[in-house]
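First comes the structure, then the notes that go with it.
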Number of protein chains: 2
Amino acid sequence: MGSDGTNDTTKNERKPGRMSEQRQQRIRLEISREAARLFWEQGVAATTGEQIAEAVGLSVRTLWRYFRNKESCVEPVLAQDGEEFVALLRRWPRDVSLEDHLMEWAINRTKDPDQQSFDQAVIKMTVLAEKEPDLRTVWLMTNDRIERALVEIFADRLRRSPDDIEVRLHAAAATAVVRVISEDISAALMAGADPTSLGNTLGQMARAVHTATGGAVGDPVDP
Amino acid sequence: MGSDGTNDTTKNERKPGRMSEQRQQRIRLEISREAARLFWEQGVAATTGEQIAEAVGLSVRTLWRYFRNKESCVEPVLAQDGEEFVALLRRWPRDVSLEDHLMEWAINRTKDPDQQSFDQAVIKMTVLAEKEPDLRTVWLMTNDRIERALVEIFADRLRRSPDDIEVRLHAAAATAVVRVISEDISAALMAGADPTSLGNTLGQMARAVHTATGGAVGDPVDP
DNA sequence: GCTATATTGTCACTTAGTGACAGATTTTTG
DNA sequence: CAAAAATCTGTCACTAAGTGACAATATAGC
């Protein structure tokens, strides 16, 4: 809010004892990974905060400083794909269709070797979130955040207000269909489906968004 | 699962000491009402399970037997409108458009006097659920249940399988837009808007569902 | 009213999550 | 590199959420 001219950067405010944003995220990721593993192996209810903390090598008190509650420990894992998707939409050029934009990204995508095992965790948690109510809430909250991001992105693209009810309806519908497709893909992969046999997933998403928004979102728009 | 012929009714199984389903629901409603009041007056975090139990006149232990956790105490209130909506869709005749069906219901609707104060609670919680994360999860879970119900209803109407991905996409998109409109209406009413000045809310919902499903749901279908 | 069964309350207990404070760590600055 | 300023972490004590067990009570059917 109120910023006097002393700070040249309002966002990247570096202070003496603060540890780097990167390091913070790494720890959160590490916690999330272990939490996901434990939740998968023994269930959510049977996993205690103490176990998660021990697995990561932190005190329980510190764990609760990184996450407000047990379930949200897996939030970084569950939010992984969604945040990537949102970031992708933020770079969506106005003169390109959604399908083309997603396809082009899929082609230039490089797969980190370490990322592979992480993707496994993402799939496992997405599937687990369909049955475990405590994880379902986290998954739905994650998608709620995506929806809010899409409101901004769609408003920008359609040159309308983020308060516009139509914009919000489009964002909600789009988020919903993307979520369902994600759940479907995760379930298929978990069942042992070959990733290459899934067909054009991103194309499916693009078409679903186009349909769910009544054709308002998906086509190229005036620059 | 396994039912031998001794019981004539598998659903309405009446046993000696079991209290009536109606009585159970009344207690849940009463708890939900008080929880909603307390959450509204002092916030969710500041309200303890003990306070809720005391307000209803139950022991804390019994409270936790009716609801698994503090937040879900308001679930009956938050689910109120949604369940009514789902029930309405279940009676949706195949040869009638969604808009007509909703409109006809609105006309024949009778307003219980006791229902009025309850509606106030519904609106308050819906609005509160936009800011309070702990309530947002309950609200989203409620809509998740609605979505699952819509899958069945849409599958039935479209004569397709509930596993059909398109059916699930339609249900998800429809639920999402109905949710957003509900949030919008609640916010408007909370801000003091005259209910009569809101225009044709149900018509808006019907049109939004029609759009979000790519025209697949909303029109009359073959009997 | 009697009986079978479910519901409730009390008590003891585990776990989630927080506030406070001292000590260890990190980054910037000189 | 050393010092300073802030943050981060662990320990401790604590509150509140939520559960299991068991005795007492209330309820429906006869």
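Labels below follow one simple rule: chain letters A, B, ... track the order of the sequence lines, proteins then strands, and each chain is numbered from 1.
Within the 3.5 Å criterion, the main-chain N or O of Arg157(A) finds a donor-acceptor partner in the side chain of Arg94(A).
Separation of atoms OG (Ser182(B)) and CG (Asn143(B)) is listed at 7.5 Å; rounding is to 0.5 Å. Put simply, CE on Met141(B) and CD1 on Ile146(B) are 12.5 Å apart, with the number rounded to the nearest 0.5 Å.
Residue contacts for Phe67(B): at a heavy-atom cut-off of 4.0 Å it reaches no nucleic acid atom on any strand shown. Across all strands, Arg68(A) comes closer than 4.0 Å only to sugar-phosphate atoms, never to a base (heavy-atom distances).
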Salt bridge (Lys or Arg N to Asp or Glu O under 4.0 Å) between Glu132(B) and Arg136(B), worked out: CA-CA 6 Å; Glu132(B) 284 257 18; Arg136(B) 184 109 195 125; over 6 Å; no

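Arg109(B) pairs by the salt bridge (Lys or Arg N to Asp or Glu O under 4.0 Å) definition with Glu84(B), not counting sequence neighbours. By the side-chain hydrogen bond (donor to acceptor under 3.5 Å, both in side chains) test, Arg145(A) pairs with Glu75(A), sequence neighbours left out.
Listed nucleotides dG9(C), dT7(C), dA16(C) differ in distance to Lys70(A); the shortest reach to its side chain belongs to dA16(C). Listed candidates were dA17(D), dA16(C), dT9(D). Nearest to the side chain of Trp64(B) is dA17(D). Set against dA17(D), dT27(C), dG10(D), the side chain of Ser59(A) has dG10(D) as its closest nucleotide. When each of dT18(C), dC8(D), dT10(C) is scored by its nearest atom to the side-chain atoms of Arg18(A), the top-ranked nucleotide is dC8(D).
In this model, no donor atom of one side chain and acceptor atom of the other lie less than 3.5 Å apart for Ser161(A) and Asp164(A). Between the side chains of Trp139(B) and Glu130(B), no donor-acceptor pair of N or O atoms lies under 3.5 Å.
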Enumerate the protein-to-nucleotides 12-15 of chain D contacts in which both atoms are nitrogen or oxygen and the separation is below 3.5 Å.
none

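With rounding to whole Å, Met19(A) atom CE is found 13 Å from dA24(C) atom C1'. Atom-to-atom, CG of Asp134(B) to P of dA16(C) comes out at 16 Å; the value is rounded to the nearest Å. Distance, Asn69(B) CG to dG17(C) P: 11 Å, rounded to whole Å. If you take CG of Leu58(B) and P of dA26(D), they are 14 Å apart, rounded to a whole angstrom.
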Anything under 3.5 Å between a donor and an acceptor, one on a side chain of residues 187-194 of chain A, the other on a protein residue two or more places apart or in another chain? List them.
residue   : atom : partner   : partner atom : Å
Asp194(A) : OD1  : Thr196(A) : N            : 3.2
Asp194(A) : OD1  : Thr196(A) : OG1          : 3.3
Asp194(A) : OD2  : Thr196(A) : OG1          : 2.6

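Checked by distance alone, Arg65(B) brings no side-chain donor or acceptor within 3.5 Å of a matching partner on the base of dG18(D).
Listed by residue number, Arg23(B) are the residues of residues 22-38 of chain B with a heavy-atom contact under 4.0 Å to DNA chain D. Proximity of residues 41-56 of chain A to DNA chain C (heavy atom under 4.0 angstrom from any strand atom) is restricted to Thr47(A), Thr48(A), Gly49(A).
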